[in-house]
Asks: 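So that we are looking at the same thing, I have put the structure below in structure tokens.
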Amino acid sequence: MVTRTKKNAEPSDVVGVSRAASARRLAEQLRRPLFAWWDVHARTLPWRDGRTSPWGVLVCEVMSQQTQMGRVVPYWTAWMERWPDAAALAAAPRADVLEAWGRLGYPRRALRLQECARVVAAECHDELPRDYATLTALPGIGDYTASAVLSFAYGERIAVVDTNIRRVLSRVFLGEESLGGAASALERALADVVLPSDAQASATWNQAVMELGALVCTAKQPACDDCPLRERCRFLAAGRPRLGERRTRPRQRFAGTDRQVRGIVMQALRELSADAHGVLSREAAGRLWPDGVQLDRCIASLDEDGLIEIVDGHGVRLPR
DNA sequence: TTCCGGGACC
DNA sequence: GGTCCCGGAA
């Protein structure tokens, strides 16, 4: 068992001893139908089933943090062909990395992935670490990504907790919606309690629960009729209470925000980078967005984030 | 046209 | 709990 952190409470302290025992029994009953469903319905993705390196799994997980798996496939394939390992990515020009990241979104993550590659190449003999603490210390790798790498790439027994898994486990075992926000101690403890004790089975369990959440037990319109767990699902038995409900989160409108403006500038630079120098003049940038004050603010923040370089104080380009 | 999900980091 | 981005769903 890979320990997540030293100060983690025992799962059954959080869930309750008898509740934990009952959840374990249910989990054992669900394994057979869930794994049978997984065998038939799992999508064949190029990073699954040991067809790529641990580094390839990491790249996929980082890309998937913000994008559906299906859209990631062409990006991941081109990326791994170009930079098959950490050392290759570490040596790439930042501009190339940002350009290859394309429209995946959150370009700072592309830079973090490259920073991660530099550390792995320089300090880990180009081999992705195999323990939770070292992984989470790397740039851009948090709890989810570290757990996913340990489970999917290394076959370690560790619970993976992402929103799909939280939603499925909360519905099936607790009969209620996972409301979003940070994972509660209960949700984390539940994931630990229901994880199969056998390492290999635990990796399949993680992937199958996640896949079920992506394909069947979706947030708004779960296809309960097609669900392999429907006969024992506490959420379905309870009449799917508060289906689709989420913690109301303060959500910034996208239109007109700095975020949109930053995205427009980055997109323009990606499209420009084939040119000899790839420099976008301040005048040309001014045509991208009417509010010059906001535009300058965004250019400054992109520069601070290392996503662009300011040339001669008068133009911008993707960083060298 | 608007709304919304997704994980890391602060 | 706010910010970072995009595309697809509503």
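In what follows, every chain begins at residue 1, and chains take the letters A, B, ... in the order their sequences are listed. On a predicted model such as this, the values are computed, not experimentally measured, just so you know.
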Asks: Taking atom C1' of dC4(B) as reference, at what distance in whole Å does atom CZ of R246(A) sit?
Replies: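 Interatomic distance, CZ of R246(A) to C1' of dC4(B): 10 Å.
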Asks: Tell me: CG of L307(A) to P of dT3(C), nearest whole Å?
Replies: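 It is 18 Å, rounded to the nearest whole Å.
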Asks: Which residues satisfy the side chain to side chain contact (heavy atoms under 4.5 Å, CB included) test with R24(A), sequence neighbours excluded?
Replies: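 Here the qualifying residues are A20(A), V193(A).
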Asks: Tell me every residue that passes side chain to side chain contact (heavy atoms under 4.5 Å, CB included) with A21(A), counting only those two or more places apart in sequence or in another chain.
Replies: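 Testing A21(A) for side chain to side chain contact (heavy atoms under 4.5 Å, CB included), a comparison that skips the adjacent residues, returns R25(A).
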Asks: Got a salt bridge between E177(A) and R167(A), using NZ or NE/NH1/NH2 to carboxylate O under 4.0 Å?
Replies: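 A salt bridge is absent here (no side-chain N lies under 4.0 Å from a carboxylate O).
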Asks: Sequence neighbours excluded, which residues qualify as side chain to side chain contact (heavy atoms under 4.5 Å, CB included) partners of V311(A)?
Replies: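 Testing V311(A) for side chain to side chain contact (heavy atoms under 4.5 Å, CB included), a comparison that skips the adjacent residues, returns V279(A), R317(A).
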Asks: Whole angstroms only, please: what is the CG-P distance between L302(A) and dT3(C)?
Replies: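 The distance from CG of L302(A) to P of dT3(C) comes to 16 Å, rounded to the nearest Å.
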Asks: Base, sugar-phosphate alone, or nothing: which one does I264(A) contact when heavy atoms must sit under 4.0 Å apart?
Replies: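 It contacts nothing in the nucleic acid.
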Asks: Below 3.5 Å is the cut-off: list the nitrogen or oxygen pairs between protein and nucleotides 7-10 of chain C, distance only.
Replies:
| from | atom 1 | to | atom 2 | distance (Å) |
| --- | --- | --- | --- | --- |
| dG7(C) | OP1 | R103(A) | NE | 2.6 |
| dG7(C) | OP2 | R103(A) | NE | 3.4 |
| dG7(C) | OP2 | R103(A) | NH2 | 3.0 |

Asks: Nearest whole Å is fine: how far is dC6(C) P from R259(A) CZ?
Replies: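 It works out to 10 Å between those atoms.
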Asks: Other than L243(A), what residues sit in its cluster of Ile, Leu, Val, Met, Phe, Trp and Tyr side chains whose heavy atoms are under 4.5 Å apart, directly or through others?
Replies: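 The other cluster members (ILVMFWY side chains, heavy atoms under 4.5 Å, direct or chained) are F235(A).
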Asks: According to a 4.5 Å side-chain heavy-atom criterion applied to Ile, Leu, Val, Met, Phe, Trp and Tyr, with indirect links allowed, do Y106(A) and W76(A) form part of one hydrophobic cluster?
Replies: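 No, it is not one cluster - the side chains of Y106(A) and W76(A) are not joined through contacts under 4.5 Å.
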Asks: Over 60° means perpendicular and under 30° means parallel, so tell me whether H41(A) and W37(A) are parallel, tilted or perpendicular.
Replies: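 Answer is parallel, since the angle falls under 30°.
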Asks: Would you tabulate the nitrogen or oxygen pairs shorter than 3.5 Å linking the protein to nucleotides 8-10 of chain B?
Replies:
| from | atom 1 | to | atom 2 | distance (Å) |
| --- | --- | --- | --- | --- |
| dA8(B) | OP1 | G142(A) | N | 3.0 |
| dA8(B) | OP1 | G142(A) | O | 3.4 |
| dA8(B) | OP1 | T145(A) | N | 3.0 |
| dA8(B) | OP1 | T145(A) | OG1 | 2.7 |
| dA8(B) | OP2 | Y144(A) | N | 3.4 |
| dC9(B) | OP1 | G140(A) | N | 2.4 |

Asks: Between P on dC5(C) and OH on Y106(A), what's the gap in Å once rounded to a whole number?
Replies: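 In whole Å, dC5(C) P lies 8 Å from Y106(A) OH.
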Asks: Ignoring the backbone of R262(A), work out which of dC5(C), dG6(B), dC6(C) is nearest its side chain.
Replies: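 Among the listed nucleotides, the one closest to the side chain of R262(A) is dC5(C).
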Asks: R108(A) CZ to dC4(C) C1': how many Å, rounded?
Replies: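 One finds 5 Å between C1' of dC4(C) and CZ of R108(A), rounded.
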Asks: Is there a continuous path of hydrophobic side-chain contacts, each under 4.5 Å between heavy atoms, that joins L236(A) to L229(A)?
Replies: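 Looking at the clustering, L229(A) is in a separate group from L236(A).
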Asks: Does a side-chain N or O from R270(A) land closer than 4.0 Å to OP1 or OP2 of dC6(C), or not?
Replies: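 For dC6(C), OP1/OP2 do have a side-chain N/O of R270(A) under 4.0 Å.
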Asks: Between M63(A) (CE) and dC6(C) (C1'), how many Å, whole number?
Replies: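 Whole-Å distance recorded here is 14 Å.
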Asks: Would you call E211(A) and R43(A) a salt bridge, using N to O less than 4.0 angstrom?
Replies: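 So E211(A) pairs with R43(A) through a salt bridge.
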Asks: Assign D305(A) to base, sugar-phosphate, or nothing according to its heavy-atom contacts below 4.0 angstrom with the strands shown.
Replies: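 Here D305(A) touches no strand at all.
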Asks: Does the side chain of T163(A) get closer than 4.0 angstrom to OP1 or OP2 of dG6(B) through an N or O atom?
Replies: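 Answer is yes, contact under 4.0 Å.
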Asks: M69(A) CE to dG5(B) P: how many Å, rounded?
Replies: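 Interatomic distance, CE of M69(A) to P of dG5(B): 18 Å.
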